[in-house]
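Input: a single structure, listed below in structure tokens.
Every chain is numbered from 1, with letters handed out A, B, ... down the list of sequences.
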Protein chains: 2
Amino acid sequence: MESAAAQAQAILEAYLAEKGLRRTEERTEVLKAIYEELTHFDAESLHKHLQEKGLRVSRATVYNTLDLLVACGLVTRYHFGEGRTLYERTLGRRQHDHLICLDCNLIREFCAPQMGPVIDGVARLFQVKPVQHQLVIYAHCADAACPHRSSERAIGR
Amino acid sequence: MESAAAQAQAILEAYLAEKGLRRTEERTEVLKAIYEELTHFDAESLHKHLQEKGLRVSRATVYNTLDLLVACGLVTRYHFGEGRTLYERTLGRRQHDHLICLDCNLIREFCAPQMGPVIDGVARLFQVKPVQHQLVIYAHCADAACPHRSSERAIGR
DNA sequence: GTTCCTGCAAAGAGTTTGCATTGTG
DNA sequence: CACAATGCAAACTCTTTGCAGGAAC
């Protein structure tokens, strides 16, 4: 079976071809970095990450490419915590929601299959076509000695 | 029965007293504006709103006061749509979640009582104490002739 | 060769901060 | 009358934009 990264590249190429857009090295590299190395990240850290790998991709291109990847569904954009924009790769991951620790801002993921009916109910009530949903739970560790409590603040607080 | 605005003022005063903070005219006015006139708003529009009422409250004070009101639970902070920070008064409103129209960014509210069990399940699984949750559903109008489709973009896209 | 894409640097939005001044307790 | 809170303006962070050069098709 093909890796998610390889599948993602194929999807990107199909999308570019369909839209008459160009396949540039920068777009390929950005997608590769996202699929091979990052889970939750922001534009700035992605930019830095690329620099550190020796790839000179400008900030503007990072932002442009993220828009592109969101548009073709390979990346999802989130806005939780203190307003920072976070991204996450989409392919090869189960639908999930997020639990954010208020002590250390660690982001954990969980699946809540019961959300399906909730979304459907709202869709029916308001006569809309749901595209995406985000459930974020903010919580404190029940254990005062939580190992996360003292750790560094996670990205995207 | 006392109005939500009056109750809110009482809660604020109690909080200030408890923390040894001062009761200033600015804090009172900001809270009043929020409870009497605004539903979903951002810091910038609150500042403008106060200016237009002839109240000279600086941007810095608006931000400080919003932090204070969030800390004492009278105001809730949200981060949906394209990353803008939105606020909403808490008191006198039922727990609800948000539906955002991707065509016009109109924010609608709904109640989903089924969320309770979902949150409880996650809390048990991860051994955490949930403080708040936010469910946001992004959707398109099912009706292509949706009256919102052509309207101005709502705040907080 | 045309048009899209990139990089750069500057602009823009939203938010925070430093410091002198004001006003509450 | 001490010290917290305010106002102002400047700083800061994240993101977007304009434009000239370069690359894909």
**Report entry** Main-chain N/O of B:R124 paired to B:Q127 side chain as donor or acceptor, under 3.5 Å
**Finding:** yes

**Report entry** Between D:dG7 (P) and B:E29 (CD): distance, integer Å
**Finding:** 12 Å

Report summary line: Taking C:dT17, D:dT6, C:dC8 as options, the one with an atom nearest any side-chain atom of B:R27 is D:dT6

Query raised in the report: Any donor-acceptor pair under 3.5 Å between the side chain of B:R22 and the base of D:dA4?
Result: yes

Query raised in the report: When you match B:D67 and A:E26 each to their closest nucleotide on DNA chain C, which lands nearer the 5' end?
Result: A:E26

Query - A:R59/A:E44 ion pair, N-O < 4.0 Å - result: yes

Query - Interatomic distance where OH belongs to B:Y63 and C1' belongs to D:dA10 [whole Å] - result: 15 Å

Report task. Would you kindly give the CG-to-C1' distance between B:L55 and D:dT6, to the nearest whole Å? Result -> 14 Å

Report task. Give the rounded distance in Å between these two atoms: CG of B:L16 and P of D:dC3. Result -> 20 Å

Query raised in the report: Taking side chain as C-beta onward, heavy atoms only, is B:Y15 less than 4.5 Å from B:L74?
Result: no

Requested in this report: Measure from the side-chain heavy atoms of A:A60 and tell me the nearest of C:dG7, C:dT6, C:dT17.
Outcome: C:dG7

Query raised in the report: If you pin B:V62 and B:G20 to their nearest nucleotides in DNA chain D, which one's is more 5'?
Result: B:G20

Query - A:Q134 side chain near B:Y138 side chain, heavy-atom distance below 4.5 Å - result: yes

Query raised in the report: Toward the 5' end of DNA chain D, which comes first, A:A43 or A:E25, by nearest nucleotide?
Result: A:A43

Query raised in the report: Contact class for A:R23 vs. all strands (heavy atom < 4.0 Å): base, sugar-phosphate, or nothing?
Result: sugar-phosphate

Requested in this report: May I ask you to evaluate whether B:T85 reaches the phosphate of C:dT15, defined as a side-chain N or O under 4.0 Å from OP1 or OP2?
Outcome: yes

Report summary line: Rounded to whole Å, the CZ-P distance (A:R59 to C:dA9) equals 11 Å

Requested in this report: Using a heavy-atom cut-off of under 4.0 Å over every strand shown, decide if B:R56 touches base, sugar-phosphate, or nothing.
Outcome: sugar-phosphate

Report summary line: B:R77 atom CZ is separated from C:dT15 atom C1', nearest whole Å, by 11 Å

Query raised in the report: Does the pair B:R77/B:D67 count as a salt bridge with the N-to-O cut at 4.0 Å?
Result: yes

Query raised in the report: Of all the nucleotides listed (D:dG7, D:dT17, C:dT6), which has the minimum atom distance to the side chain of A:S58?
Result: C:dT6

Requested in this report: Grab the CG-P distance between A:L12 and C:dC5 for me, whole Å please.
Outcome: 12 Å

Query raised in the report: In terms of side-chain heavy atoms of A:T61, which of C:dC5, D:dT6, C:dT6 is nearest?
Result: C:dT6

Report task. Report yes if at least one side-chain N or O of A:T24 is closer than 4.0 Å to OP1 or OP2 of C:dC4; otherwise report no. Result -> no

Query raised in the report: Quick one: B:H47 NE2 to C:dT15 C1', roughly how many Å, whole number?
Result: 13 Å

